[in-house]
Amino acid sequence: MSLGEYTFSFPIWVEFGNGKSERTGEVIDAKGWESALVVTDQGIRATGILDGVESSLAAAGVDYEVYDDVEPNPTVAMVHDALETLNAGGFDVVVAVGGGSVIDTAKCATLLKTNSGELSEYEVNDPEDVTTGSIANHTHPLITIPTTSGTGSEVDYWAVITAPDREFKMAIGQPPLYPDGPYLGADISLVDPELTASLPPRQTAATGFDAFSHALENHVAAGAPELVKPYTTHVMGLVPEYLPDAYETGDMEAREQLLFGSHTAGFCENFAGFGAIHSLAEVTGGMYPEIPHGEAIAVFTPPVMRYNLEEYPGRHAEVAEAMGLDTDGLSDVEAAHEAVEAVEALIDDVDLPSSLRELGVDEADLPEIAEKSLDTIEIHDNPRDADAEDLLDVARDAY
């Protein structure tokens with residue numbers, strides 16, 4: 001079997017381990033930067049998660065300011081507000097401390113700092129948008145420090161920002177298209193499991209399942225390179241093993257494993273696509289911004305798996321094996337259905353919602369959700385072709 005073709009470029013310096021966030025000042029000093037804008041949200045600031053980062057900046061003599069106005073499901077206006085603060089202070093580097101919303105806001109502010117135009121001009125809706133290379137200049141320096149175990153945004157080349165006037169989550173992103181080419185993302189990522197210790201159970205469940213969904217969709221995606229499959233396989237086994245314990249007890253070993261799984265899956269996002277799970281969940285979140293992303297992901301995962309496995313049971317049988325299920329004597333179809341049941345059991349174990357009805361979605365909105373999903377970049381890598389009617393059937397299954 002041919003391994004096909006792929007291009008590998010990962011220019012982000014990553015440090016993983018407890019206490020790594022306290023190296024922020026030292027790392028900035030080593031780069032010769034003298035001032036930093038710390039981007040975060042008020043919840044993170046209130047919990048004291050920033051204390052170690054701020055102490056390290058002060059100890060290294062780095063001048064800094066904290067911008068803490070990021071909110072969940074960030075909008076274009078939030079990006080511009082952060083950009084205004086960045087421009088006003090003339091900071092050498094941005095330090096994003098938070099979950100996906102914080103990191104995506106910081107990514108897009110650093111993008112607009114060095115590239116002209118409106119954020120919407122960098123939206124990608126199909127593969128050609130990515131390869132066009134609309135990001136012409138390297139973004140402003142960025143350090144990412146995740147505080148949740150889910151999005152993998154600290155190490156991927158993508159961001160999701162809501163355009164409220166369209167009720168649509170825009171995908172912004174670009175990998176390096178040539179050696180040393182510009183990309184959307186961090187220069188340095190300090191991945192510190194200790195920062196996830198105060199994450200509430202519900203967020204732990206939602207973000208942890210999001211990490212699982214990344215590995216799942218990357219594994220079965222159309223054209224997924226063999227490069228990612230050892231990683232996706234590991235993460236699909238890791239999350240079901242450790243997420244229930246992290247959710248129920250907050251055990252730090254479990255949290256460390258989940259953060260490792262999250263940023264490993266985030267690495268895979270750069271080289272393999274997503275699919276209908278993320279298409280439908282992102283669109284639903286754009287129309288219902290109060291819905292946490294990971295909860296929308298949980299609702300759509302089993303229905304999309306059922307739709308895709310009809311044509312690709314072998315790929316989903318691999319999901320069952322990765323999750324540690326006994327598939328001896330089972331056909332690919334039987335094993336694939338076992339995988340769906342195991343995913344549904346995981347969702348139930350951590351008390352995540354299992355239907356759009358539970359999330360407060362109006363059934364009358366399902367056709368719009370299906371239609372809008374065709375405008376997302378993620379749908380192009382779904383392993384099975386889907387039109388609006390197919391996606392409406394999936395959404396009805398999720399309802």
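One-based numbering along the sequence shown.
With Ile188 as the partner, the side chain to side chain contact (heavy atoms under 4.5 Å, CB included) test is satisfied by one option alone out of Arg23, Glu15, Lys31: Lys31. Of the candidates Leu195, Thr207, Val191, Val191 is the only one forming a side chain to side chain contact (heavy atoms under 4.5 Å, CB included) with Leu259. Among Thr147, Asp192, Asp51, the one residue that satisfies the side-chain hydrogen bond (donor to acceptor under 3.5 Å, both in side chains) test with Ser21 is Asp192.
A salt bridge does not link Asp245 with Arg255: every distance from a Lys NZ or Arg NE/NH1/NH2 to an Asp or Glu carboxylate oxygen is 4.0 Å or more. Between Arg306 and Glu344, at least one side-chain nitrogen of the basic residue sits less than 4.0 Å from a carboxylate oxygen of the acidic one, meeting the salt-bridge criterion.
Within 6.0 Å of the CD atom in Glu84, the count of heavy atoms belonging to other residues, nucleotides or ligands does not exceed 12. For CD of Glu128, the number of neighbouring non-hydrogen atoms (other residues, nucleotides, ligands) closer than 6.0 Å is 12 at most.
With contacts defined as side-chain heavy-atom distances shorter than 4.5 Å, the pair Thr264/His234 does not qualify. Counting only heavy atoms from C-beta outward, the side chains of Val124 and Ser134 never approach each other to under 4.5 Å. At least one side-chain heavy atom of Met170 sits under 4.5 Å from a side-chain heavy atom of Val76. Under the 4.5 Å side-chain criterion, counting only non-hydrogen atoms from C-beta, Pro367 is not in contact with Glu371. The shortest distance between side-chain heavy atoms of Asp387 and Asp390 falls below 4.5 Å.
Between Phe8 and Phe271, the ring center distance clears the sub-6.0 Å criterion.
To the nearest 0.5 Å, atoms CG (Leu258) and CG (Leu238) are separated by 6.5 Å. Distance CG/Leu280 to NZ/Lys372: 13.0 Å, rounded to 0.5 Å. Taking CD1 of Ile297 as the start and CD of Glu282 as the end, the distance is 6.5 Å to the nearest 0.5 Å. A distance of 4.0 Å separates CD in Glu123 from CZ in Arg166, rounded to the nearest 0.5 Å.
Under a cutoff of 6.0 Å and an axis angle of 45°, Arg396 and Tyr399 do not form a cation-pi pair. Figure legend: cation-pi geometry between Arg384 and Tyr307, with NZ or CZ positioned under 6.0 Å from the six-membered ring centre and within 45° of its axis.
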Q: Please report the C-alpha distance between Val95 and Ile28 in whole Å, then the side-chain angles of each, then the deciding distance to 0.1 Å, and finally whether the side-chain contact (heavy atoms from CB on, under 4.5 Å) criterion is met.
A: CA-CA 10 Å; Val95 180; Ile28 288 176; 3.9 Å; yes

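Screening residues 119-169 for ring-ring contact (aromatic ring centres under 6.0 Å, His included) gives Tyr157-Tyr183 as the qualifying pairs, with residues at least two apart or on separate chains.
A single hydrophobic cluster is not seen to contain both Met78 and Leu119; linkage of ILVMFWY side chains at heavy-atom distances under 4.5 Å, directly or through other members, places them apart.
Between the side chains of Glu217 and His278, at least one donor N or O sits under 3.5 Å from an acceptor N or O.
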